[in-house]
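Structure record follows, encoded as structure tokens.
Per chain, numbering begins at 1; letters A, B, ... match sequence-line order.
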Protein chains: 2
Amino acid sequence: MYEGPVQDLIDELGRLPGVGPKSAQRIAFHLLAAEPADIARLQDALQRVKEGVVFCEVCGNVSEETQCRICRDARRDSTVVCVVEEPKDVVAVERTREFKGRYHVLGGALDPLSGVGPDQLRIRQLLARLGAADGGAEISEIIIATDPNTEGEATATYLVRMLRDFPGLTVTRLASGLPMGGDLEFADELTLGRALSGRRAM
Amino acid sequence: MYEGPVQDLIDELGRLPGVGPKSAQRIAFHLLAAEPADIARLQDALQRVKEGVVFCEVCGNVSEETQCRICRDARRDSTVVCVVEEPKDVVAVERTREFKGRYHVLGGALDPLSGVGPDQLRIRQLLARLGAADGGAEISEIIIATDPNTEGEATATYLVRMLRDFPGLTVTRLASGLPMGGDLEFADELTLGRALSGRRAM
């Protein structure tokens, strides 16, 4: 539709997830009118991500140093580890302000059809953390917080099988059920079924 | 929320129009997993836009050469010029396949509160195009296709006043009325009022 650099930029922006042709055009014309310094900051941020983001050597979260902020924080409870799929899940759990333990980021979920087996995830590193019970803070609980979808459930099942032989270790899973603020009549049958089977005495 | 380069990228992406915090996070993690070559292509596209996009010396549209594709096309009717605010409006009119004339891109609309007066728009260049009646193809009609909002209407009114003294020149304005596929009961009173006053014999 356009000529030259503008169309190239629209094409590249349109390849990003969630950016349709209209948004790409809007962003391109915004950048066309932007200060060169604003574009340079975006380029710079891209460059640093391209050069490689550091992952925490302990939990696998994105990090600025060899260990992430949470793993360095001595006030966090080292006996509880919450296992999540992606760094953004760490942010989601942190936002609840309910969890004061540590994390372990798997880097995805089991998905054999896409070629993601146990070796592609950071499961070995999780077992190593459990094995390194060097007297200090022994891990007493693993909370499996993978997504409540097919891949996440398969990963949870796999992890439970790997972890049940560790003595003195409790393995838990996030509760499934009706979302807060939701409407019973609009809940899908799977969610409502989970809510029923997971009902609690009150 | 995140540390280091990832958060910087999320912040920069979040500054783009129509990209909220959730989209910015999604795009950032997409780029984190992308091939360096994909990021390099986006950086390159940004670089070329930053270095300056060429505008057609005749109509002001974005262009790859000194004159844009439409201005170079000898088959287009040089006697009719459609005046639009932005390059994206050229694309919108082209998409109708109804118009075979030339364009003139103003580069915005009159908006005194934002400091956009007649001198900030390419109005002088439009008058020059009309004045350069060098025997060849004299412009016989100017179609004013500015947006049907306050600024666009003000610009249209201003242009009509500037253009009415040119001998033999017809100045027209895009019709206002009900959008096709629309619903009369949901039309706002201004649109319905325009549709009424602009009613046509059939």
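Using a 4.5 Å cut-off between heavy atoms, B/A40 touches chain A through backbone and side chain atoms alike. Both the backbone and the side chain of A/S63 have a heavy atom closer than 4.5 Å to some heavy atom of chain B. Contacts between A/E94 and chain B at a heavy-atom distance below 4.5 Å are absent for every atom of the residue. Contact of B/V62 with chain A is made through backbone and side chain together, with heavy-atom distances under 4.5 Å.
Taking all atoms of both residues into account, the shortest heavy-atom contact from B/Y2 to A/P87 is CE2-O, 3.8 Å.
Of the listed residues A/Q25, A/R15, A/R69, A/R95, the one with more heavy-atom pairs under 4.5 angstrom with chain B than any other is A/R69. Among the candidates A/Q7, A/E51, A/Q47, the residue making the largest number of heavy-atom pairs closer than 4.5 Å to chain B is A/Q47. The greatest number of non-hydrogen atom pairs below 4.5 Å with chain A, out of B/I39, B/D11, B/D44, B/V54, is found for B/I39.
Atom CZ of B/R194 is surrounded by 12 or fewer heavy atoms from other residues, nucleotides or ligands within 6.0 Å. The number of heavy atoms from other shown groups lying within 6.0 Å of CZ (B/R124) does not exceed 12.
Between the CD atom in A/E12 and the CZ atom in B/R41 there is a gap of 4.5 Å [rounded to 0.5 Å]. The CG atom of B/L16 lies 9.5 Å from the CG atom of A/D38; values are rounded to the nearest 0.5 Å. Here CD of B/E86 is found 9.5 Å from CG of A/L32. Values are rounded to the nearest 0.5 Å. Taking CG from A/L42 and NZ from B/K50, the interatomic distance works out to 10.0 Å, rounded to the nearest 0.5 Å. Distance check: B/R26 CZ to A/K88 NZ gives 8.0 Å after rounding to the nearest 0.5 Å.
With salt bridges taken as basic N to acidic carboxylate O contacts below 4.0 Å, one links A/D8 and B/R48.
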